[in-house]
Amino acid sequence: MLELNAVYAIWLREIKVYLREKERVISSIVSPILWLFVFGSGIGETTYPGTSNYQAFILPGILVMSVLFVSVFYGLYIIWDRRLDFLKEVLVAPVSRASIFLGKVLGGVSDAMLQAVILLVIGTLLIIPLEPIRILYILLILTLISFSTASMGLVLGANMRSQEGFILIINFVMWPMFFFSGALFPISNLPEVIRPISTVDPLTYAVDALRTIFFGTGAFPFYIDIVVLLAFAAVTAILGVISFGNLQQAK
Amino acid sequence: MVIIQTKKITKKFGNITAVNELDLEIEEGEIFGLLGPNGAGKTTLISMLCTLLKPTAGSATVNSFDVFTQQLKVRKSIGIVFQEPSVDDLLSGRENLELHGMLYGMDAKEREKKIDEMLKLVDLVDRANDPVSTYSGGMRRRLEIARGLMHKPKILFLDEPTLGLDPASRKNIWDYIKSLAKEKSTTMVLTTHYMEEADMLCNRIGIISSGKIIALGTPAELKRKVGEDIVRIKGTTDLEKLKRYKFVKKVEVDGEYTELILDNAAENLQTLLAACSKLDSVEVRAVTLNDVFLHYTGKEIHDEEEGEGSWFERVMRVGGTRA
Ligand SMILES: Nc1ncnc2c1ncn2[C@@H]1O[C@H](COP(=O)(O)OP(=O)(O)O)[C@@H](O)[C@H]1O
Ligand SMILES: [Mg+2]
């Protein structure tokens, strides 16, 4: 089912393309840093679960956000591939659509992780010192999250006909997923009515898993976070393979 | 052996029927030409045979695999040069070919060798390492062709491969197609706007119009069906009388000229001319594929009249829309 040479070939193409589009690389690094310092400094000292430093408190959320944005945008990018018709060359190749999908997802994971590593380095140096083993765990969780969000972006991109859907997805999928995840405030502070939304938002568990590693305490048991994240990854991957299986040429 | 077979294959886009219950059989090893005016459905037909578009109705097999249920097996049997630009702008020419080789399971050594051979064929050796975004329209086209020909598929689809090429590159491509044909191991399906190209390369030709095959045969057969020779007369003619001759297949008046399609001009020309009262000029030539095309479709073939602009315009437009 999976042809590793094809997965590698597609991943390699994505990496080359990413690194060649300098604006993409720069903006993907600059924006989360801005977020971290703009948001992190605006609010006064209070105590948050596990830390008294708001900047430290939102660091996991900002990491999740940056991974979410980079990888979903990456996924939506295949709309341009389709318009360019480059995708045709890949779709007609003698490899399973699952391989194409996996190569694409890994490309998105790489983009997102490049940025996450930079953020994490800044975070460890300036905000909250972390020992290597915790950094490793954080990177593993982030890889899992970016796998799911890149898959999600590709599913959306593969099923979208035009760029108009783009704004809708940003406004009605990405921002809500980010805000209700408790990235910027503890979900226990959220109004009762909104809490169910947070509970079904997979990113809530992503933020919570990271917070548990950062500060040793989370809103949910750690294993629940992991189970939800694995399920999110499985569902998006399955949807992705199906969507890619159905992909036809755009014109 | 029949290697491509379609049964009432149909593709509708909304209320446009691009391909209409089309039946076609292509034999292994032949070069089959698909000729038709723009919008006739050639590209749509090829896309369905390549598994890139799902037929609305009907079925087709390629290399005895069903294009609907055995897509991967079909893809393993084919190669294609797309009509629309599809090379990756952000990669270099060589990287585009490398990606192709990897996707088609070639190992590094084989890839290297084949890439050099192809770059030479399309005369891109000097520019191979430049990003495609710096290529001219013709260079992109040549890269596209190099990529399609790189692996040797059992069945090769060439959708207007030489459109927009200079004569020298065109000749290179023709020679390569002919050399492939000599080996008899590759079946080719070719669409083209150039009648002489079709005449020279194709064993059989299907003329397609409004999604249907309206004429099918070898170039010689098709010409014979229309007639053997064309006589163009300027002078006073008696149309009714001319039409009564058995050897006259078609008479058309074009201003002060009368154009007749007839069988065997050598034998019948004297009879014909004797029936004209006054002659200013007479011109005789053999029927060409272009006449056949006109006869069946009533249209001249023109590459400029593509609905959405020329290939080059499209490359440029698309190139500008990317993020
Ligand atoms: N994706 C599409 N959506 C809508 N109409 C299409 C699409 N692709 C092709 N068509 C229409 O189908 C017809 C056949 O097109 P095509 O197969 O490209 O013709 P050809 O290759 O013979 O010029 C045309 O009328 C064209 O406008
Ligand atoms: Mg076409």
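Proteins get letters first, then strands, A, B, ... in listed order; numbering begins at 1 in each.
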Rounded at 0.5 Å granularity, tell me how far CZ in Arg97(A) sits from CG in Leu72(B).
9.0 Å
Could you tell me whether the side chain of Lys54(B) reaches within less than 4.5 Å of the side chain of Asn246(A), counting heavy atoms only?
yes
Counting heavy-atom pairs under 4.5 angstrom with chain B, the leader among Ala6(A), Gly103(A), Ala93(A) is Ala93(A)
Under the ring-ring contact (aromatic ring centres under 6.0 Å, His included) definition, can you give me all pairs with a residue in residues 98-120 of chain A, not counting sequence neighbours?
Phe101(A)-Phe244(A)
OH of Tyr8(A): more than 12 outside heavy atoms within 6.0 angstrom?
no
Is it the side chain or the backbone of Ile80(B) that comes within 4.5 Å of chain A heavy atoms, both, or neither?
side chain
Carefully, step by step, assess Leu52(B) and Gln248(A) under the rule side-chain contact (heavy atoms from CB on, under 4.5 Å).
CA-CA 5 Å; Leu52(B) 282 173; Gln248(A) 301 188 26; over 6 Å; no
So, for Arg20(A) and Leu90(B), which heavy atoms are closest and what is the spacing to 0.1 Å?
NH1-O, 2.9 Å
Can you establish whether the number of heavy atoms outside Lys12(B) located under 6.0 Å from its atom NZ is more than 12?
no
Heavy-atom closest pair (Leu91(A) atom, Arg75(B) atom, distance to 0.1 Å) is O-NE, 3.3 Å
Mind listing the closest non-hydrogen atom pair of Lys76(B) and Pro94(A) along with its distance?
CG-CB, 3.4 Å
Least distance between heavy atoms, Leu99(B) atom then Arg13(A) atom
CD2-CG, 4.1 Å
Between Ser92(B) and chain A, with a heavy-atom cut-off of 4.5 Å, which part of the residue counts as in contact: side chain, backbone, both or neither?
backbone
Do other residues, nucleotides or ligands put more than 12 heavy atoms under 6.0 Å from Tyr176(B) OH?
yes
Listed by residue number, which members of residues 100-110 of chain B have a heavy atom under 4.5 Å from any heavy atom of chain A?
His100(B), Met102(B), Leu103(B), Tyr104(B), Gly105(B)
